[in-house]
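To start, the structure itself, in structure tokens.
First the proteins, then the strands, lettered A, B, ... as listed; each starts at 1.
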2 protein chains.
Amino acid sequence: MPAKKTSAKIKSPPALQPGVRERLLNTADRLFYTEGVRAVGIDRVLAEAGAAKASLYLHFGCKDDLVAAHIERRVTSARAEIEAYVIDTPPAERALRFFDWVVDMTKSPDFRGCPLQHVVAELSDPEHPARLVAAKQREWLHGKFVEWTRAAGVANPAATAGALVVLFDGAVVASEHDGPRRACDARWMAGQLLLR
Amino acid sequence: MPAKKTSAKIKSPPALQPGVRERLLNTADRLFYTEGVRAVGIDRVLAEAGAAKASLYLHFGCKDDLVAAHIERRVTSARAEIEAYVIDTPPAERALRFFDWVVDMTKSPDFRGCPLQHVVAELSDPEHPARLVAAKQREWLHGKFVEWTRAAGVANPAATAGALVVLFDGAVVASEHDGPRRACDARWMAGQLLLR
DNA sequence: CCGAATATAGACAGATCTGTCTGTTTTTAA
DNA sequence: TTAAAAACAGACAGATCTGTCTATATTCGG
């Protein structure tokens, strides 16, 4: 019996693989983004995560909440990425710098559009928990645009911020369809809008 | 038994209701757009169309092809609408006029985004018949933008056309999330881009 | 060392999905 | 009038979906 303990000790130098919750979320995040939240069933997630069904329902309650957690993770990581991306740029130039990040993102080999837009397309109920998270993120982004356009000293920061939201959405969707060149088009247009 | 025939004659002054194919497509088009192509099952379409399952599979072959027919219909009607909308506008101003149409569309009470974008979000396979139809429509729209920007006499028609594609996509997506005000933002930006 | 918490494994229920097939009824056309 | 074509009605198969439940194994703190 001590043998078991020994093997257990060897097995867990703190964590050889992440905890089951993390594993589930990693897998769900990848599959949901790649194939769509309605196209991917729970059994798929469980199998690829190597987890038990009870674990999923213990940690997330139901599939809808797992989808929401997936969106939540995307939102959190996007915010951190963006903040880090513009941190070394003078505030006045951050709005334009942001579109460099967008271009980079669309050039990533596994880029497949915006998970927030996908979730809105797939889930028609605006009260779905995942959509509530998405809506908050849109407010956050709009707020950032207001902040950056103010810093840039444009004539009408509020209106310009709205325009930049359109440009961002367009860059992502159009790049999903036509490739990253569209994100470059968007960046160029943002420059036109800001540098005057 | 002649009574039956009589009632049949009365019943069909050529067509009191449209043919079954048309009825199916009407219903599918509405449901697919409103709730999503994966969220709506065949039985739903059959029930609301008042049609038999055999009719659906006779006329459309499989669900994927019904989805493609739904997109095809949207594409056809959009082209006709757009052509009609700009017909009385001088060619040089048609690009901008087009964004008036976009604003109108986003103000429609049952506007819920672009069915083509939705289908791309929902169906991850780029070879899905519905996505092939959508891809063609994007080419068509881009071609229109090239035509209109040429007529407008801008410096670089090709580049401007690409930018307008981004603006269009952004207008539709952002309006789906934030309301038609975003389409107005897009129209304003299109004006900035074209009037010089 | 032991009990509580956590995870696994998988059966199960109940619903729903696409697609096929068999009949019956209605419509249409010769 | 009659035969072929079209539509209806719905059973059925087979797969898949979410969510619950039971039973067993593992992990870990006290």
- [ ] Respond yes when some side-chain nitrogen or oxygen of A/R44 is under 4.0 Å from OP1 or OP2 of D/dT18, and no when none is.
- [x]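 Answer is no, no contact under 4.0 Å.
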Open item on the list: Under 4.0 Å from OP1 or OP2 of C/dA7: is there any side-chain N or O of A/H59 that close?
Closed with: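 For C/dA7, OP1 or OP2 has a side-chain N or O of A/H59 closer than 4.0 Å.
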TODO: Select one nucleotide: of C/dT8, D/dG19, C/dT20, the one nearest the side-chain heavy atoms of B/Y57.
DONE: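 Among C/dT8, D/dG19, C/dT20, the one nearest the side chain of B/Y57 is C/dT20.
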Task: Shortest side-chain distance from A/V20, nucleotide among C/dA7, D/dC8, D/dT18 - done: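 Of all the options, the side chain of A/V20 is nearest to C/dA7.
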So what does [X] hit on the nucleic acid, given a heavy-atom distance under 4.0 Å: a base, only sugar-phosphate, or nothing?
{"X": "B/R38", "answer": "nothing"}
{"X": "A/S55", "answer": "base"}
{"X": "A/A51", "answer": "sugar-phosphate"}

Open item on the list: Looking at A/R138 and A/D169, is any side-chain nitrogen of the basic one under 4.0 Å from a carboxylate oxygen of the acidic one?
Closed with: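 Salt bridge between A/D169 and A/R138, a charged N being under 4.0 Å from a carboxylate O: yes.
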Task: Any side-chain donor near an acceptor of the partner, B/D110 and B/Y33, under 3.5 Å - done: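 No.
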Task: Atom pair distance, as rounded to whole Å: CD1 in B/I42 and P in D/dA11 - done: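 Rounded to the whole Å, the gap is 18 Å.
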Open item on the list: Nearest heavy atom decides the nucleotide; on that basis, is B/L58 or A/K53 closer to the 5' end of DNA chain D?
Closed with: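 Looking at the nearest nucleotide for each, B/L58 comes out on the 5' side.
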Open item on the list: For A/V37 and A/A54, find the nucleotide of DNA chain D closest to each by heavy atoms; which residue's nucleotide sits nearer the 5' end?
Closed with: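 In this pair, the answer is A/V37.
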Task: Worked verdict on A/R44 versus A/E48 for salt bridge (charged side-chain N to carboxylate O under 4.0 Å, His left out) - done: CA-CA 6 Å; A/R44 256 304 273 308; A/E48 300 206 17; 3.1 Å; yes
Task: Derivation and outcome, ring pair (Phe, Tyr, Trp, His ring centres under 6.0 Å), residues A/F168 and A/F98 - done: CA-CA 9 Å; A/F168 166 70; A/F98 169 82; 5.6 Å; yes
